[in-house]
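Notes to accompany the following structure.
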Amino acid sequence: MEKRSHLYLVDGSAYIFRAYHRLPPLTNPQGVPVGAVFGYTTMLWKLAEDLHKADGPTHLAVILDKAGKSFRNDIYPEYKANRPPAPEDLVPQFPLIRDATRAFSLPVIEEGGLEADDLIASYARAAQAQGWDVTIVSSDKDLMQLIGVAQNGARVDMLDTMKNARIFIPEVADKFGVTPDRVGDVLALMGDAVDNVPGIRGIGPKTATKLIVEHGDLESALAAAPAMKAGKLRESLIEQAEMARLSRVLVALKEDAPLPLPLEAFALGEIPKEPLADFLSEHGFTSLLKRLDAGRGSPERPTQLHPAKPVNASAPAATTGSITPLAPMPPIDHGAYACVQTLEALDAWIARAFAARVVAFDTETSALDAIGADLVGVSLAVGPNQACYIPLGHHGSDMFDEAPQQIDRAEALARLKPLLESDAVLKIGQNAKYDLNVLARAYKDFGGIAVSPIDDTMVMSFDLDAGRGDEGIGGGHGMDELAQRHLGHACIPFKEVCGTGKKAISFAQVPLDRATAYAAEDADVTWRLHRLFKLRLPQEGATRIYERVDRPLVACVAQMERHGIKVDRERLAGLSAQFAEAIASLEGEIHALAGEPFTIGSPKQLGEVLFDKMGLKGGKKGKSGQYSTDVSVLEKLEAEGVPIARKVLEWRQLAKLRSTYTEALQAAISPITGRVHTSYSLVGAQTGRLSSTEPNLQNIPIRTPIGRQIRDCFVAEEGHVLLAADYSQIELRLAAHMADVPALRAAFAAGEDIHAATAQELFGEVNRETRGRAKTINFAILYGISRWGLAPRLGVTAEEAQAMIDTYFARFPGIQRYIHETLDGVREKSYSETLFGRKCWFPRINSKTQAERQGSERAAINAPIQGTCADIIKRAMVRMMPALQAAGLGHVRMLLQVHDELVFELPEGDVEAARKVIGEVMAQAAMPLADISVPLGVEIGVGASWGAAH
DNA sequence: CGCGTCACG
DNA sequence: GACGTACGTGACGCGC
């Protein structure tokens with residue numbers, strides 16, 4: 001049976017207004033706002049998917065309003081006169097709607113002097129006359145007049161894609177209380193404030209419906225007015241009858257307009273993929289692009305990496321393309337900030353934030369650690385100087401002082417929660433991870449607050465300017481520094497508000513006026529920075545790394561920090577005592593050997609004892625005029641048969657382990673959770689790596705048996721295990737790929753021992769000695785090699801080291817080429833780039849000072865490799881929880897990241913299932929953006945402790 | 001607060 | 001001829 005023709009008429013203009021207000025303010029990689037365009041594109045996509053359904057479209061057209069006046073203005077000049085101008089960031093989206101439609105190869109209809117509604121009505125009636133069904137894709141109430149069934153059985157209905165609802169006669173009756181053919185009469189009576197259709201003052205939807213239901217139609221209702229009982233309604237109907245008649249004409253749809261294109265022109269065929277793919281890719285609609293690629297059964301095509309644009313470091317970058325320069329912002333004015341102390345004021349600010357759809361926020365807490373501190377207040381900013389502070393946990397400055405007036409904390413959080421969690425409002429934080437953690441813990445009885453979606457100005461700054469610290473101004477990404485650098489504004493220093501040292505007070509004790517100035521300023525500054533960075537990201541090619549890697553990582557890492565990891569306190573204490581005993585006994589022996597007591601932990605005293613008092617040789621003084629006593633020096637002495645050297649080395653090791661680990665880790669156990677919560681810095685390492693502080697859980701010992709015991713103190717909860725998954729030799733694999741070294745790639749592909757393979761290539765034979773040398777050289781390559789650096793590590797002369805480097809380059813010419821090309825690129829652009837486009841700046845790469853220059857060169861060789869590795873594991877982290885959830889393993893907890901390793905905690909029974917998902921996500925983490933020509937090997941271990949999981 | 005040292009990748 | 005001597009981190013104790 002042939003499918004009955006079914007015409008879809010899409011009311012494009014009405015749609016984008018709704019999409020604009022419902023969707024977050026996205027921008028495409030060029031910085032153009034495209035939130036509404038995205039919504040529109042998604043809608044077309046959904047419609048296109050219905051193509052093959054039985055009741056799906058056979059014909060489709062998009063109808064748009066054309067700018068300018070319509071015939072209705074000739075009848076009534078005030079028609080649509082009080083419409084506010086379209087929002088600033090919607091205007092550039094109008095032309096893109098046409099692009100989007102063309103990308104789907106769909107016809108667009110627009111005609112001057114006619115509104116979209118008239119064209120829709122005319123097409124609908126024409127189609128109906130031919131016996132076609134018609135679906136109007138809109139939710140505009142005016143169009144509901146068209147709904148119904150013609151004599152020939154052809155029907156007109158409507159589809160509201162946002163609510164995914166079909167609208168037919170019953171739905172119209174629900175809304176208006178009348179059948180569709182009487183909707184115009186109801187509308188004429190009630191008027192329309194948005195379109196400025198006058199109607200009759202004092203008559204709203206209820207009365208209008210009642211009158212039409214009672215009297216049948218408008219004219220009858222007007223005619224019946226004199227007979228009505230005296231009162232306002234009667235008067236209005238009589239006095240304003242003409243207004244109602246005028247309104248009736250205004251709301252009537254023109255159903256016989258000439259059709260710019262014949263109906264047959266709207267026939268749907270298969271939608272060509274190429275123009276669509278180009279459009280989706282141009283605007284960064286990657287989710288749809290993926291589905292498109294999946295749909296055509298081809299492998300996902302790696303999206304184009306950002307072309308490396310030559311950047312003139314001295315020229316401001318904010319002038320590219322057609323992007324309008326930012327309007328200047330007024331200077332920061334603390335007097336403009338509000339302190340919110342009533343629910344009414346709070347509600348007003350929340351409404352402002354919803355209306356602005358972008359809000360910067362900041363939390364103030366009683367202490368610095370996000371896991372232990374209490375929420376003291378929240379600040380919001382919706383524009384420059386439009387900021388407020390909401391105190392929630394302030395008390396008096398001392399115990400006799402009364403707490404200031406504040407909104408009840410639970411009540412305030414209940415009102416803030418919908419705002420902070422709304423998909424339609426972007427929340428901006430400076431180091432948002434901190435605030436995410438505070439708010440996730442606050443309001444706990446109600447599940448906490450899961451702030452989303454977020455932008456983070458600190459992370460944005462990092463993705464734009466990592467490494468740029470040597471250009472005269474600080475290179476950090478802290479708020480005070482960013483405000484100074486980008487806004488020329490000196491923030492109120494925290495210590496000025498809370499003091500320092502012994503006299504420091506909690507933020508909860510700060511008087512509200514000062515607290516407001518400080519806290520609201522933070523939100524204000526964050527808002528302003530966001531405006532600058534959001535524009536710069538696309539202009540400077542940093543959108544990809546920010547949007548795809550670092551931005552989604554914020555919430556992911558925040559959750560890892562909240563999980564924390566369990567440590568066995570008793571076992572740590574036991575080790576501590578054991579170490580203490582050994583330290584004490586070594587101390588005695590060392591003092592005896594030295595012939596006098598001294599402070600072994602003082603390199604100064606130790607050096608003097610060894611090289612002056614005891615007269616040992618090999619003492620070398622550094623620039624501080626002090627003897628060096630580090631491991632290499634002491635090991636050399638030991639090899640020469642100096643017994644005290646061994647003892648000092650042992651003493652050092654144990655002292656280090658005890659103070660840095662066994663003691664410090666016990667102190668780091670949170671009294672609240674009983675676990676240890678590190679804090680990861682997303683901007684700590686210039687290469688893109690994370691760093692870990694308070695405590696640093698990325699340097700827990702593993703290399704020596706004695707140190708490894710500390711890893712055994714990291715344990716899983718009862719009934720659970722720890723799973724450690726690490727990338728095997730990932731940096732060398734990436735070097736093999738990025739430098740294109742066939743021999744190394746082949747060795748990795750074959751699963752060979754890479755250092756042995758290197759030894760075979762370099763020395764022609766593999767034994768312990770050659771493998772060890774090959775390993776050292778392999779690492780030297782990754783770090784930027786020099787003969788003087790390599791020589792002492794191999795125990796050879798610089799000349800011999802140079803010979804090995806030469807051999808290495810001869811056997812693996814790609815490496816030498818990579819180093820040259822990388823350095824040339826960095827010298828020219830002042831930054832390096834990872835496979836995923838992460839930049840790392842090297843402002844001293846062309847320094848006149850050799851040491852400075854060479855240092856930058858070595859770092860520049862390493863940065864793309866170390867940074868790509870960081871990108872890959874970050875991508876794995878971002879994808880991990882969704883992948884685990886999809887596999888029914890949402891309860892698996894990701895706890896730690898140690899550069900090439902992820903540590904999880906999970907029930908024993910889930911090990912096999914989790915192992916599969918985790919291994920797969922990690923191995924595939926570079927795809928589809930970068931297709932690494934070497935497999936990413938992942939090794940997984942499981943055990944009751946971290947030590948046992950290796 | 002700078003330095004030397006050493007824990008990790 | 002001096003410069004420094006492999007990349008990236010963070011924490012500790014000493015001594016000023």
Side-chain angles (χ1 to χ4, degrees), chain A residues 466-467 598-607 620-634 648-649 651-665 667-668 678-681 683-704 706-708 710-711 726-732 735 776-794 798 801 805 832 840 842 847-867 869-870 873 896-901:
Chain A
F598 68 100
T599 308
I600 305 168
S602 161
K604 187 169 182 284
Q605 291 188 33
L606 177 63
K620 267 181 295 182
K621 289 189 178 181
K623 59 179 166 193
S624 61
Q626 208 174 297
Y627 290 113
S628 170
T629 64
D630 68 12
V631 211
S632 65
V633 173
L634 292 174
V648 171
L649 282 170
W651 182 93
R652 281 237 181 106
Q653 184 189 21
L654 291 171
K656 174 83 173 182
L657 293 178
R658 193 173 119 87
S659 65
T660 308
Y661 300 105
T662 57
E663 286 296 306
L665 280 174
T678 183
S679 173
Y680 288 102
S681 170
V683 303
Q686 310 302 329
T687 54
R689 273 191 179 176
L690 304 186
S691 71
S692 159
T693 61
E694 288 180 300
N696 181 354
L697 295 186
Q698 288 181 322
N699 71 346
I700 301 303
I702 191 167
R703 291 172 183 171
T704 66
I706 188 154
R708 263 187 110 107
I710 291 162
R711 265 192 198 222
D726 64 274
Y727 284 112
S728 140
Q729 308 285 10
I730 187 169
E731 292 199 355
L732 271 177
T776 301
I777 297 171
N778 273 332
F779 278 104
I781 293 298
L782 297 179
Y783 295 148
I785 200 165
S786 88
R787 73 189 81 170
W788 299 281
L790 183 58
R793 287 176 172 75
L794 289 175
I805 294 169
S832 68
C840 185
F842 295 93
S847 164
K848 290 195 178 67
T849 312
Q850 186 182 232
E852 250 179 25
R853 194 170 63 243
Q854 288 178 342
S856 291
E857 286 171 358
R858 290 192 297 271
I861 291 167
N862 179 248
I865 299 170
Q866 187 181 118
C869 172
I873 195 166
L896 303 178
Q897 189 253 42
V898 194
H899 310 307
D900 64 358
E901 172 185 6

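Since the structure is predicted, the reported quantities are computational estimates derived from the model, not experimental observations. Every chain is numbered from 1, with letters handed out A, B, ... down the list of sequences.
The separation between A/Arg689 atom CZ and B/dC8 atom C1' is 9 Å, rounded to whole Å. At whole-Å resolution of the value, CG in A/Leu697 and P in C/dT9 are 18 Å apart. Between A/Tyr661 atom OH and C/dG10 atom P the separation is 13 Å, expressed in whole Å. For the pair A/Gln605 CD and B/dT5 C1', the interatomic distance rounds to 16 Å; values are reported in whole Å. If you take CZ of A/Arg652 and P of C/dG13, they are 14 Å apart, rounded to a whole angstrom. In this structure, CG of A/Leu657 is placed 12 Å from C1' of B/dC8, rounded to the nearest angstrom. Look at CD1 on A/Ile805: it is 10 Å from C1' on C/dA6, rounded to the nearest Å. Between the CG atom of A/Leu896 and the P atom of B/dG9 there is a distance of 13 Å, given to the nearest Å.
OP1 or OP2 of C/dG15 sits under 4.0 Å from a side-chain N or O of A/Ser602. A sub-4.0 Å separation between OP1 or OP2 of B/dA7 and a side-chain N or O of A/Thr660 is absent. Phosphate contact (OP1/OP2 of C/dA6, side-chain N/O of A/Arg793, threshold under 4.0 Å): present. In this structure, A/Gln729 does not reach the B/dG9 phosphate: none of its side-chain N or O atoms is under 4.0 Å from OP1 or OP2.
Nucleic acid contact for A/Ile700: sugar-phosphate only, since backbone atoms but no base atoms lie under 4.0 Å from a heavy atom of the residue. Within the 4.0 angstrom heavy-atom criterion, no nucleotide atom of any strand lies near A/Thr849. Among the heavy atoms of the strands lying under 4.0 Å from A/Ala664 are primed sugar atoms or P, OP1, OP2 only; no base atom is included. Within 4.0 Å (heavy atoms only), A/Asn696 reaches sugar-phosphate atoms of the nucleic acid but no base atom. Counting non-hydrogen atoms under 4.0 angstrom, A/Glu731 reaches nothing in the nucleic acid. Among the atoms of the strands shown, none is found under 4.0 Å from any heavy atom of A/Ser632. Using a 4.0 Å heavy-atom cutoff across all strands shown, A/Glu694 reaches sugar-phosphate atoms only and no base atom.
Ranking C/dA6, B/dC8, C/dG10 by closeness to the A/Thr693 side chain, first place goes to C/dG10. In the set C/dG4, C/dA6, B/dC6, the nucleotide with an atom closest to the side chain of A/Trp788 is C/dG4. Closest to the side chain of A/Tyr783, out of B/dC8, C/dC7, C/dG10, is C/dC7.
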Between the protein and nucleotides 2-4 of chain B, list every N/O to N/O distance that falls short of 3.5 Å.
| from | atom 1 | to | atom 2 | distance (Å) |
| --- | --- | --- | --- | --- |
| B/dG4 | OP1 | A/Ser624 | OG | 2.7 |

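Below the 3.5 angstrom threshold, one finds no donor paired with an acceptor across the side chain of A/Lys656 and the base of C/dC12. For A/Arg703 against B/dA7, no side-chain N or O and base N or O form a donor-acceptor pair under 3.5 Å. Judged by distance alone, with hydrogens and angles left aside, A/Gln850 brings a side-chain donor or acceptor within reach of the base of C/dC3, the pair sitting under 3.5 Å.
Looking at A/Phe598 and A/Ile600, their side chains come closer than 4.5 Å, going by heavy atoms from C-beta outward. When side chains are defined from C-beta on, A/Val898 does not count as touching A/Leu697, because their heavy atoms never get closer than 4.5 Å. Considering only heavy atoms from C-beta on, A/Gln897 comes within 4.5 Å of A/His899 through its side chain. Between A/Ile873 and A/Leu690 the shortest side-chain heavy-atom distance does not fall below 4.5 Å. At a threshold of 4.5 Å between non-hydrogen side-chain atoms, the residues A/Ile865 and A/Tyr783 do not count as touching.
Between A/Ser832 and A/Ala863, the shortest heavy-atom contact is OG-CB, 3.7 Å.
Distance noted for atom P between C/dG4 and B/dC3: 13 Å (whole Å). Rounded to the nearest Å, the gap between the P atom of C/dC3 and that of B/dG4 is 15 Å. Comparing C/dA6 with B/dC6, their P atoms sit 15 Å apart, to the nearest whole Å.
Residue A/Ser786 is the one, among A/His899 and A/Ser786, whose nearest nucleotide of DNA chain C lies closer to the 5' end (criterion: closest heavy atom).
In this structure, A/Ser692 contributes its side chain and A/Tyr680 its backbone to no donor-acceptor pair below 3.5 Å. Judged by distance alone, with hydrogens and angles left aside, the side-chain atoms of A/Ser681 form a donor-acceptor pair with the main-chain N or O of A/Val683 at under 3.5 Å.
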(message) Reading 5' to 3' and counting Watson-Crick or G-U wobble pairs with both distances under 3.5 Å, write the dot-bracket notation for DNA chain C, | for bases paired outside the strand.
(response) ......|||||||||.

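To the nearest 0.5 Å, atom SG of residue A/Cys869 and atom CD of residue A/Gln729 are 11.5 Å apart. Taken from CG in A/Leu649 to CG in A/Asp630, the straight-line distance is 9.5 Å, to the nearest 0.5 Å. Interatomic distance, A/Ile710 CD1 to A/Thr662 OG1, rounded to the nearest 0.5 Å: 6.0 Å.
With sequence neighbours left out, the side-chain contact (heavy atoms from CB on, under 4.5 Å) criterion links A/Lys604 to A/Ser602, A/Glu608, A/Gln626. In this structure, the side-chain contact (heavy atoms from CB on, under 4.5 Å) partners of A/Ile861, at least two apart in sequence or on a different chain, are A/Tyr818, A/Ile819, A/Leu823. For A/Arg858, the side-chain contact (heavy atoms from CB on, under 4.5 Å) partners at least two apart in sequence or on another chain are A/Gln854.
Remark: A/Arg858, A/Ala859, A/Asn862, A/Gln866 in residues 857-866 of chain A come within less than 4.0 Å of DNA chain C through at least one heavy atom.
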